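Below, read A as the first sequence line, B as the second, and so on, with proteins coming before strands; counting in each chain starts at 1. Predicted model, so just to flag it, every value in this text is computed and none were measured.
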Amino acid sequence: MKRGRVIGSVVASHKVETLEGERLLLVQPLDTSGADTGTPLVACDAVQAGPGDVVLYEGGREAAMALRHAFNPADAAVIAIIDAVSRTDGES
Amino acid sequence: MTLCRVTGSVVSTAKIDALLYHKLLTCRPVEPSTGVPVKGAGEMIAVDTVQAGEGDLVLVCDEGNAARLILDDTTAPVRTVVVAIVDEVA
(Lines give C-alpha, C1' and ligand atoms only; values in the text may rest on other atoms or scores of the structure.)
Protein backbone atom coordinates (compact mmCIF):
# COMPACT_ATOMS: atom_id res chain seq x y z
CA MET A 1 0.00 0.00 0.00
CA LYS A 2 1.12 3.52 -0.76
CA ARG A 3 0.02 6.97 0.34
CA GLY A 4 -1.66 9.39 -2.04
CA ARG A 5 -3.94 12.40 -2.10
CA VAL A 6 -7.11 12.53 -4.20
CA ILE A 7 -6.80 15.60 -6.46
CA GLY A 8 -9.75 14.99 -8.75
CA SER A 9 -11.93 12.46 -10.50
CA VAL A 10 -12.08 11.05 -14.01
CA VAL A 11 -15.32 10.50 -15.91
CA ALA A 12 -15.33 7.92 -18.73
CA SER A 13 -18.69 6.95 -20.13
CA HIS A 14 -17.16 4.62 -22.72
CA LYS A 15 -15.08 1.93 -21.00
CA VAL A 16 -14.76 -1.79 -20.58
CA GLU A 17 -17.80 -3.43 -19.12
CA THR A 18 -16.24 -4.62 -15.88
CA LEU A 19 -15.39 -1.03 -14.94
CA GLU A 20 -19.03 0.01 -15.23
CA GLY A 21 -20.20 1.71 -12.05
CA GLU A 22 -16.68 2.17 -10.66
CA ARG A 23 -15.67 5.70 -9.68
CA LEU A 24 -12.29 6.76 -11.08
CA LEU A 25 -10.17 9.05 -8.91
CA LEU A 26 -7.10 11.08 -9.85
CA VAL A 27 -4.52 10.36 -7.12
CA GLN A 28 -1.23 12.20 -6.50
CA PRO A 29 1.32 9.83 -4.89
CA LEU A 30 2.94 11.15 -1.67
CA ASP A 31 6.41 10.38 -0.27
CA THR A 32 7.30 9.52 3.32
CA SER A 33 7.14 13.17 4.38
CA GLY A 34 3.73 13.67 2.76
CA ALA A 35 4.99 15.76 -0.16
CA ASP A 36 3.90 15.19 -3.75
CA THR A 37 6.11 12.76 -5.65
CA GLY A 38 5.84 11.28 -9.14
CA THR A 39 3.00 11.67 -11.59
CA PRO A 40 -0.68 11.39 -10.67
CA LEU A 41 -2.40 8.12 -11.48
CA VAL A 42 -6.01 7.06 -11.92
CA ALA A 43 -7.33 4.62 -9.33
CA CYS A 44 -10.71 2.99 -8.83
CA ASP A 45 -12.49 4.02 -5.65
CA ALA A 46 -13.52 1.34 -3.14
CA VAL A 47 -14.18 3.59 -0.11
CA GLN A 48 -16.01 6.67 -1.43
CA ALA A 49 -12.97 8.97 -1.13
CA GLY A 50 -13.33 12.57 -2.28
CA PRO A 51 -10.99 15.33 -3.49
CA GLY A 52 -8.50 16.36 -0.81
CA ASP A 53 -8.63 13.05 1.06
CA VAL A 54 -5.27 11.47 1.91
CA VAL A 55 -5.69 7.81 1.04
CA LEU A 56 -3.99 4.43 0.77
CA TYR A 57 -4.00 2.87 -2.68
CA GLU A 58 -2.92 -0.60 -3.76
CA GLY A 59 -1.59 -1.62 -7.13
CA GLY A 60 -1.36 -4.75 -9.19
CA ARG A 61 -3.74 -7.67 -8.96
CA GLU A 62 -4.80 -6.64 -5.46
CA ALA A 63 -6.41 -3.51 -6.92
CA ALA A 64 -8.66 -5.65 -9.10
CA MET A 65 -9.64 -7.73 -6.06
CA ALA A 66 -10.89 -4.63 -4.23
CA LEU A 67 -13.70 -4.10 -6.76
CA ARG A 68 -17.01 -5.82 -7.37
CA HIS A 69 -16.20 -7.68 -10.59
CA ALA A 70 -13.38 -10.12 -9.85
CA PHE A 71 -11.94 -9.86 -13.35
CA ASN A 72 -11.42 -6.17 -14.16
CA PRO A 73 -8.48 -4.27 -15.63
CA ALA A 74 -7.90 -2.01 -12.62
CA ASP A 75 -4.24 -1.76 -11.62
CA ALA A 76 -4.77 0.77 -8.80
CA ALA A 77 -7.54 1.06 -6.23
CA VAL A 78 -8.09 3.36 -3.27
CA ILE A 79 -8.67 1.01 -0.32
CA ALA A 80 -8.57 3.33 2.73
CA ILE A 81 -8.98 6.97 3.72
CA ILE A 82 -6.24 8.02 6.14
CA ASP A 83 -7.37 9.89 9.28
CA ALA A 84 -3.91 10.34 10.78
CA VAL A 85 -0.33 9.10 10.57
CA SER A 86 1.64 8.96 13.83
CA ARG A 87 5.41 8.66 13.33
CA THR A 88 8.51 8.32 15.45
CA ASP A 89 11.08 9.20 12.77
CA GLY A 90 10.29 12.88 12.53
CA GLU A 91 8.46 12.77 9.18
CA SER A 92 4.76 13.48 8.83
CA MET B 1 10.87 -10.45 2.68
CA THR B 2 12.33 -7.05 3.53
CA LEU B 3 14.03 -6.03 6.76
CA CYS B 4 12.34 -2.83 7.94
CA ARG B 5 12.04 -0.51 10.92
CA VAL B 6 8.50 0.37 11.99
CA THR B 7 8.39 4.17 11.85
CA GLY B 8 4.75 4.82 12.68
CA SER B 9 1.17 3.77 12.32
CA VAL B 10 -1.67 4.83 10.05
CA VAL B 11 -5.13 5.48 11.49
CA SER B 12 -7.98 4.86 9.07
CA THR B 13 -11.65 4.37 9.88
CA ALA B 14 -13.00 4.32 6.31
CA LYS B 15 -11.40 1.29 4.68
CA ILE B 16 -12.28 -1.91 2.89
CA ASP B 17 -13.52 -4.84 4.96
CA ALA B 18 -10.30 -6.85 4.61
CA LEU B 19 -8.43 -4.13 6.52
CA LEU B 20 -10.92 -3.86 9.38
CA TYR B 21 -9.53 -4.85 12.83
CA HIS B 22 -5.93 -4.67 11.55
CA LYS B 23 -3.31 -2.11 12.50
CA LEU B 24 -1.50 -0.44 9.60
CA LEU B 25 2.19 0.29 10.15
CA THR B 26 4.57 2.51 8.17
CA CYS B 27 7.84 0.62 7.65
CA ARG B 28 11.14 1.79 6.16
CA PRO B 29 13.61 -0.71 4.67
CA VAL B 30 16.92 -0.73 6.58
CA GLU B 31 20.44 -2.00 5.83
CA PRO B 32 20.87 -5.36 7.60
CA SER B 33 24.43 -4.62 8.71
CA THR B 34 23.89 -1.11 10.10
CA GLY B 35 20.14 -0.70 10.61
CA VAL B 36 20.31 2.58 8.72
CA PRO B 37 17.32 3.37 6.43
CA VAL B 38 18.06 2.42 2.83
CA LYS B 39 18.43 5.65 0.83
CA GLY B 40 15.61 6.21 -1.64
CA ALA B 41 13.73 3.07 -0.57
CA GLY B 42 10.61 5.04 0.42
CA GLU B 43 8.18 3.42 2.83
CA MET B 44 6.03 0.31 2.94
CA ILE B 45 2.62 0.52 4.60
CA ALA B 46 1.90 -2.95 5.91
CA VAL B 47 -0.87 -4.78 7.72
CA ASP B 48 0.36 -5.81 11.17
CA THR B 49 -0.20 -9.46 12.08
CA VAL B 50 2.36 -9.86 14.88
CA GLN B 51 1.51 -6.88 17.12
CA ALA B 52 4.66 -4.99 16.14
CA GLY B 53 5.09 -1.50 17.54
CA GLU B 54 6.83 1.70 16.51
CA GLY B 55 10.62 1.30 16.51
CA ASP B 56 10.55 -2.50 16.12
CA LEU B 57 12.77 -4.21 13.58
CA VAL B 58 10.47 -6.37 11.47
CA LEU B 59 10.20 -8.55 8.37
CA VAL B 60 7.72 -7.33 5.77
CA CYS B 61 6.35 -9.66 3.11
CA ASP B 62 5.21 -7.89 -0.08
CA GLU B 63 3.39 -10.61 -2.02
CA GLY B 64 -0.37 -11.03 -2.45
CA ASN B 65 -0.83 -14.76 -2.06
CA ALA B 66 1.27 -14.89 1.09
CA ALA B 67 -0.66 -11.96 2.53
CA ARG B 68 -4.00 -13.63 1.82
CA LEU B 69 -2.82 -16.88 3.40
CA ILE B 70 -1.65 -15.07 6.53
CA LEU B 71 -4.85 -13.01 6.78
CA ASP B 72 -6.87 -16.17 6.03
CA ASP B 73 -8.96 -14.25 3.50
CA THR B 74 -8.80 -15.49 -0.08
CA THR B 75 -10.18 -12.25 -1.53
CA ALA B 76 -8.27 -9.69 0.56
CA PRO B 77 -6.79 -7.00 -1.73
CA VAL B 78 -3.74 -6.86 0.53
CA ARG B 79 -0.14 -7.39 -0.51
CA THR B 80 2.10 -5.97 2.24
CA VAL B 81 2.12 -7.71 5.63
CA VAL B 82 4.39 -7.57 8.70
CA VAL B 83 5.22 -11.23 9.34
CA ALA B 84 7.88 -11.20 12.07
CA ILE B 85 9.53 -9.10 14.77
CA VAL B 86 13.29 -9.47 14.45
CA ASP B 87 15.30 -9.97 17.64
CA GLU B 88 18.73 -9.98 16.15
CA VAL B 89 20.55 -9.81 12.82
CA ALA B 90 23.91 -11.60 13.14
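Contact count against chain A (heavy-atom pairs under 4.5 Å) is highest for B/V10 among B/V6, B/D62, B/V10.
The interface of residues 35-49 of chain A with chain B, defined by heavy-atom distances below 4.5 Å, comprises A/A46, A/V47. Residues of residues 51-68 of chain A placed with any heavy atom under 4.5 Å of a heavy atom in chain B are listed by number as A/L56, A/E58, A/G59, A/G60, A/R61, A/E62, A/M65, A/A66.
In this model, a donor atom of one side chain and an acceptor atom of the other lie less than 3.5 Å apart for B/T13 and A/D83.
Side-chain contact between B/L19 and A/I79: present, with at least one pair of heavy atoms (C-beta onward) separated by less than 4.5 Å. Looking at heavy atoms from C-beta onward, A/M1 lies in side-chain contact with B/V47 at the 4.5 angstrom threshold.
Atoms OG1 and CZ, from B/T7 and A/R87 in turn, are 4.0 Å apart once rounded to the nearest 0.5 Å. For the atom pair A/T32 OG1 and B/M44 CE, the distance stands at 14.0 Å (nearest 0.5 Å).
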Item to check | A/R3 vs B/T26, side-chain contact (heavy atoms from CB on, under 4.5 Å): CA-CA, chis, key distance, verdict | outcome: CA-CA 10 Å; A/R3 273 197 288 175; B/T26 56; 5.6 Å; no
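In the hydrophobic clustering of ILVMFWY residues, with side-chain heavy atoms under 4.5 Å counting as a link, A/V27 and A/L19 come out apart.
Panel note: side chain A/S86, backbone B/G8; no donor-acceptor pair is recorded below 3.5 Å.
In this structure, the portion of B/R68 lying under 4.5 Å from any heavy atom of chain A is its side chain and not its backbone.
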